[in-house]
Amino acid sequence: MKQRESLEIRKEMVEMHEAYLDRLKIAMDTKQFVEATWICYAIYEQRINRIIEKILPKCPIETPRTSNNSASISTRIKCLEKLISKSYGGLAKFDLSLLNDISAWCDGLNRLVHDLVNLDEYKRFDANFETLAKQGVPLVNRIYEEGTKFRQWFVAADSLPDFPTKHKCRCKKEQCIKP
């Protein structure tokens, strides 16, 4: 299928990702684990959105999202997990365990953020972010690998298949991301 963005935009996106991967490496090398954690999270968000952008035209929820805020990352991950389990198009070979791992990682980040101003937890702030960062970097590498496989399928495909019948999503009123 035809790419949605121009070659110029796609090249600029590659540069952006290389810059963030460089920043992630520097953050890890200099033990800036809070920054590394947030870079990991931002990459997961963006990579998941890129996959959803490609399949969004077939989403059974026809109302486009009006706000710039996406549905929660857990909602988007759950949708992709369901599509993977139903062998939807290029997601048929997507590593489902990766999304499970990212979801668990995001849950850990959410708990950590909510515990930042907690007398029992604040002293472990740095150690907890270090743990998340060290767990997050391999997931970043994996999501890039899986995203590349999906993109290769997408470019080679003639068309998108319809979503599986009875596909249930947490998004009830509008699509999970803005097209």
Taking all heavy atoms of [X] and all of [Y], pick out the closest pair and write down the distance.
X      : Y      : value
Pro161 : Tyr88  : O-OH, 2.7 Å
Lys178 : Thr66  : NZ-O, 3.5 Å
Asn49  : Ser70  : ND2-OG, 3.9 Å
Glu53  : Ile177 : CG-CD1, 3.6 Å

Could you state whether [X] and [Y] fall into the same hydrophobic cluster, counting links through intermediate Ile, Leu, Val, Met, Phe, Trp or Tyr residues with side-chain heavy atoms under 4.5 angstrom apart?
X      : Y      : value
Leu116 : Leu132 : yes
Leu96  : Leu80  : yes
Leu91  : Val155 : no
Met16  : Leu7   : no
Leu99  : Tyr144 : yes

So, taking the atom named [atom1] in [X] and the one named [atom2] in [Y], what distance separates them when rounded to the nearest 0.5 Å?
X      : Y      : atom1 : atom2 : answer
Leu98  : Ile102 : CG    : CD1   : 4.0 Å
Asp162 : Lys58  : CG    : NZ    : 4.0 Å
Ile61  : Cys171 : CD1   : SG    : 5.0 Å
Cys176 : Asn69  : SG    : CG    : 13.0 Å
Ile77  : Asn100 : CD1   : CG    : 9.0 Å
Lys31  : Ile26  : NZ    : CD1   : 15.0 Å

Side chains of [X] and [Y], heavy atoms from C-beta outward: is any pair under 4.5 Å?
X      : Y      : value
Cys79  : Leu83  : yes
Arg10  : Gln3   : yes
Tyr41  : Ile73  : yes
Gln175 : Glu62  : no
Gln46  : His17  : yes
Phe33  : Thr131 : no
Ile84  : Asp95  : no
Ser6   : Ile9   : yes

Query raised in the report: Stepwise, does the side chain to side chain contact (heavy atoms under 4.5 Å, CB included) test hold for Ile39 with Leu21?
Result: CA-CA 8 Å; Ile39 291 171; Leu21 289 172; over 6 Å; no
Query raised in the report: Going by distance alone, is a donor N or O of one side chain under 3.5 Å from an acceptor N or O of the other, for Arg142 and Ser97?
Result: yes
Query - salt bridge (Lys or Arg N to Asp or Glu O under 4.0 Å) partners of Arg65, counting only residues at least two apart - result: Glu174
Report summary line: Applying salt bridge (Lys or Arg N to Asp or Glu O under 4.0 Å) to Lys25 and not counting sequence neighbours gives Asp29
Query raised in the report: Does the pair Lys149 and Glu145 meet the rule for a salt bridge (charged side-chain N to carboxylate O under 4.0 Å, His left out), with working shown?
Result: CA-CA 6 Å; Lys149 286 191 263 181; Glu145 290 169 11; over 6 Å; no
Query raised in the report: Do Glu8 and Lys11 sit within salt-bridge range, that is, some charged N less than 4.0 Å from a carboxylate O?
Result: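 No, this pair does not count.
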Tell me whether [X] at atom [atom1] has more than 12 heavy atoms from other residues, nucleotides or ligands lying less than 6.0 Å away.
X      : atom1 : answer
Lys54  : NZ    : yes
Arg23  : CZ    : no
Phe125 : CZ    : yes
Glu12  : CD    : no

Report task. State whether the side chain of Asn110 and the backbone N or O of Cys106 hold a donor-acceptor pair below 3.5 Å, judged by distance alone. Result -> no
Requested in this report: Start with the C-alpha gap between Thr75 and Ser72, add the side-chain angles, then the distance that decides, and say whether side chain to side chain contact (heavy atoms under 4.5 Å, CB included) holds.
Outcome: CA-CA 5 Å; Thr75 296; Ser72 71; 3.0 Å; yes
Report task. Tell me, with the steps shown, if Val137 and Cys40 meet side chain to side chain contact (heavy atoms under 4.5 Å, CB included). Result -> CA-CA 7 Å; Val137 171; Cys40 288; 4.3 Å; yes
Report task. Quick one: sort the Trp105 and Tyr44 rings into parallel, tilted or perpendicular, breaks at 30° and 60°. Result -> perpendicular
Requested in this report: Please lay out, stage by stage, how Phe163 and Ile55 fare under the test side chain to side chain contact (heavy atoms under 4.5 Å, CB included).
Outcome: CA-CA 9 Å; Phe163 266 42; Ile55 62 174; 4.1 Å; yes
Requested in this report: Check the pair Glu45, Arg76 against salt bridge (charged side-chain N to carboxylate O under 4.0 Å, His left out), reporting the backbone distance first and the verdict last.
Outcome: CA-CA 9 Å; Glu45 284 267 357; Arg76 289 175 278 144; 2.8 Å; yes
Report task. Please find out if less than 6.0 Å separates the ring center of Phe150 from that of Phe94. Result -> no
